[in-house]
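Just so you know, these numbers come straight off a predicted model, no measurement behind them. Any value given below was found using the heavy atoms of this structure, including those in side chains, with hydrogens, waters and symmetry copies removed. For this chain, numbers begin at 1 and follow the sequence in order.
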Amino acid sequence: MDRWDRAGRVAAYGAALALAPYLLIKVSWVVGSLLGLLPVGTGFGKAEWVVLNSATIGMAGIGIAVALALARPWGMRIPAVPLVFCAWVGTGFLVPVLPYAVLSSLLGSEDGNPKSGSDAGPSMPAWEAALVQIGFVGMGLGLAIALPTYLRRRWPDAFAGRLGDGGEGSPSALPWMAVVGAAVGLIWLYWAVGGTAGVAHRGERDLAWHVLSGVFGLWAFVASAATWAAVRGRPARVPRWGPMVLGWLGSGSLFAWSGWKLPFTLYLAVAQPASAALPEDLALAAVLHLAAAGAGAAMLRALVRTRLVSSNS
């Protein structure tokens with residue numbers, strides 16, 4: 001075991017440990033709301049609140065299991081597809097928004113979670129909010145270190161070589177998902193800089209919403225550019241690991257965040273609760289999240305297929 005493996009294993013254990021308090025807090029919210037000891041979040045009934053937080057409990061549990069799999073020997077023996085998918089979603093959720101998570105207390109977020117209205121909890125004491133923030137930041141940093149070292153152990157040539165060395169660059173391989181991702185990113189960046197077209201409730205916009213729109217828009221462009229470069233094999237001789245890593249993170253961000261926000265957006269469109277609203281038009285938001293999630297999934301498939309082609313050539 002070299003120093004990179006040791007660093008990766010320590011980071012994986014640290015990620016699991018950092019997220020554990022978040023899991024326990026969410027369990028306390030569900031149990032407390034069912035027993036009438038804690039209030040439910042604004043805009044939710046008890047049933048919706050329990051379902052929402054039960055989903056986040058499951059996500060946190062999977063995240064901890066993935067982190068342990070990246071460190072323990074049994075992680076090398078489990079099927080690759082579910083592990084890679086969960087790690088892709090987890091890094092997509094956490095790594096792209098790490099700068100925002102670190103500065104969230106200055107931007108008005110109450111719990112360190114990117115402020116989307118979908119994970120707002122009952123009034124939290126400062127220590128609980130700090131634990132939640134530490135959980136997200138710690139998990140994101142841990143995965144950012146542990147995952148590459150795991151991939152290096154399991155697939156030593158995963159990111160080896162340079163663009164154009166293998167089978168990339170086929171004229172028939174049109175990366176349409178890169179065009180969709182760039183279009184979605186352009187709309188998010190337009191909103192981030194103050195654009196009002198497609199915004200239904202201008203009063204609901206705050207600094208956090210603008211910043212996150214910009215973050216997600218930038219990552220959509222990063223994902224599109226990286227996927228385009230990997231599929232086309234250009235610019236030639238660029239180390240392949242760069243576009244692959246950026247494409248992995250950007251496509252995961254598109255899929256994870258839009259896949260998470262889409263059900264919440266549809267819920268608001270159907271239930272129309274008076275106490276909850278999104279700044280953007282709900283129909284447009286639903287279309288954007290559907291397009292972003294689909295493009296993110298297609299980008300991952302294109303990156304994997306590109307790597308397989310180049311490995312077999």
Can you list the steps and then say if R205 with T196 is a side chain to side chain contact (heavy atoms under 4.5 Å, CB included)? CA-CA 10 Å; R205 298 178 300 174; T196 58; 3.7 Å; yes
Would L23 and L19 count as a side chain to side chain contact (heavy atoms under 4.5 Å, CB included) here? Give the steps. CA-CA 7 Å; L23 175 64; L19 198 60; 5.9 Å; no
Is there a side chain to side chain contact (heavy atoms under 4.5 Å, CB included) between K261 and L278? Walk through the geometry before answering. CA-CA 11 Å; K261 291 181 177 181; L278 295 179; over 6 Å; no
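Looking only at distances, no side-chain donor or acceptor of S258 sits under 3.5 Å from a matching main-chain atom of F255. Side-chain atoms of S224 come within 3.5 Å of backbone atoms of A182 as a donor-acceptor pair (strictly under, hydrogens ignored). For the pair R9 (side chain) and A71 (backbone), a donor-acceptor distance under 3.5 Å is present.
The shortest distance between side-chain heavy atoms of H201 and L282 does not fall below 4.5 Å. Between W29 and E128 there is a side-chain heavy-atom pair separated by less than 4.5 Å. Put simply, the side chain of M59 does not reach to within 4.5 Å of the side chain of I62, judged on heavy atoms. Within the 4.5 Å cutoff, the side chain of M76 has heavy atoms near those of the Y150 side chain. You'll find the side chain of V199 reaches within 4.5 Å of the side chain of W191, heavy atoms only. Looking at heavy atoms from C-beta onward, E48 lies out of side-chain contact with L52 at the 4.5 angstrom threshold. Between V222 and W219 the shortest side-chain heavy-atom distance falls below 4.5 Å. Contact annotation: the side chain of V184 never approaches that of H289 to less than 4.5 Å [non-hydrogen atoms, C-beta and beyond].
Residue F221 shares its hydrophobic cluster (ILVMFWY side chains chained together at separations under 4.5 Å) with L186, L189, L218.
Side-chain heavy atoms closer than 4.5 Å link hydrophobic residues (I, L, V, M, F, W, Y) into clusters, and following such links, even through other members, never connects L24 to W49. Under a hydrophobic clustering in which Ile, Leu, Val, Met, Phe, Trp and Tyr are joined whenever their side-chain heavy atoms come within less than 4.5 Å, directly or via other members, W248 and W241 fall into the same cluster. Hydrophobic clustering of Ile, Leu, Val, Met, Phe, Trp and Tyr side chains at less than 4.5 Å, counting indirect connections, keeps V137 apart from L17. By the criterion of side-chain heavy atoms lying less than 4.5 angstrom apart, applied directly or through intervening Ile, Leu, Val, Met, Phe, Trp or Tyr residues, M299 is grouped together with W176 in one hydrophobic cluster. A single hydrophobic cluster is seen to contain both L83 and L94, as judged by linkage of ILVMFWY side chains at heavy-atom distances under 4.5 Å, directly or through other members.
Going from atom CG of L290 over to atom CG of L266 covers 8.5 Å, rounded to the nearest 0.5 Å. The distance from atom CG of L131 to atom CD1 of I25, rounded to the nearest 0.5 Å, is 5.0 Å. The CG atom of L70 sits 6.5 Å away from the CG atom of L143 when rounded to the nearest 0.5 Å. How far CG of L246 is from CG of L303: 10.5 Å, rounded to the nearest 0.5 Å. For the atom pair I134 CD1 and M139 CE, the distance stands at 15.5 Å (nearest 0.5 Å). Here the CG atom belonging to L254 is positioned 8.5 Å from the OG1 atom belonging to T227, to the nearest 0.5 angstrom.
For A226 against G247, the heavy-atom pair with the smallest separation is CB-N, 3.4 Å. Nearest heavy-atom pair across L262 and A286 is CD1-O, 3.6 Å. Nearest approach of M177 to A302, heavy atoms of both residues: CE-CB, 4.2 Å. When all heavy atoms are compared, the tightest approach of A192 to H210 is O-ND1, 3.2 Å. When all heavy atoms are compared, the tightest approach of I145 to A7 is CG2-O, 4.0 Å. When all heavy atoms of V66 and C86 are compared, the closest pair comes out as CG2-CB, 3.5 Å.
Using a 3.5 Å distance cut-off with no hydrogens or angles, the side chains of R72 and Y13 do pair a donor with an acceptor. For the 3.5 Å distance criterion, the side chains of W209 and E280 qualify, holding a donor opposite an acceptor. Residues S251 and W88 bring a donor and an acceptor atom of their side chains to less than 3.5 Å of each other. Between the side chains of K26 and T56, at least one donor-acceptor pair of N or O atoms lies under 3.5 Å.
The aromatic rings of F216 and W257 are tilted relative to each other, their planes meeting at an angle between 30° and 60°. Ring geometry for F93 versus W260: interplanar angle over 60°, hence perpendicular rather than tilted (30 to 60°).
For R301, the CZ atom counts as loosely surrounded, since its 6.0 Å shell holds 12 or fewer non-hydrogen atoms of other residues, nucleotides or ligands.
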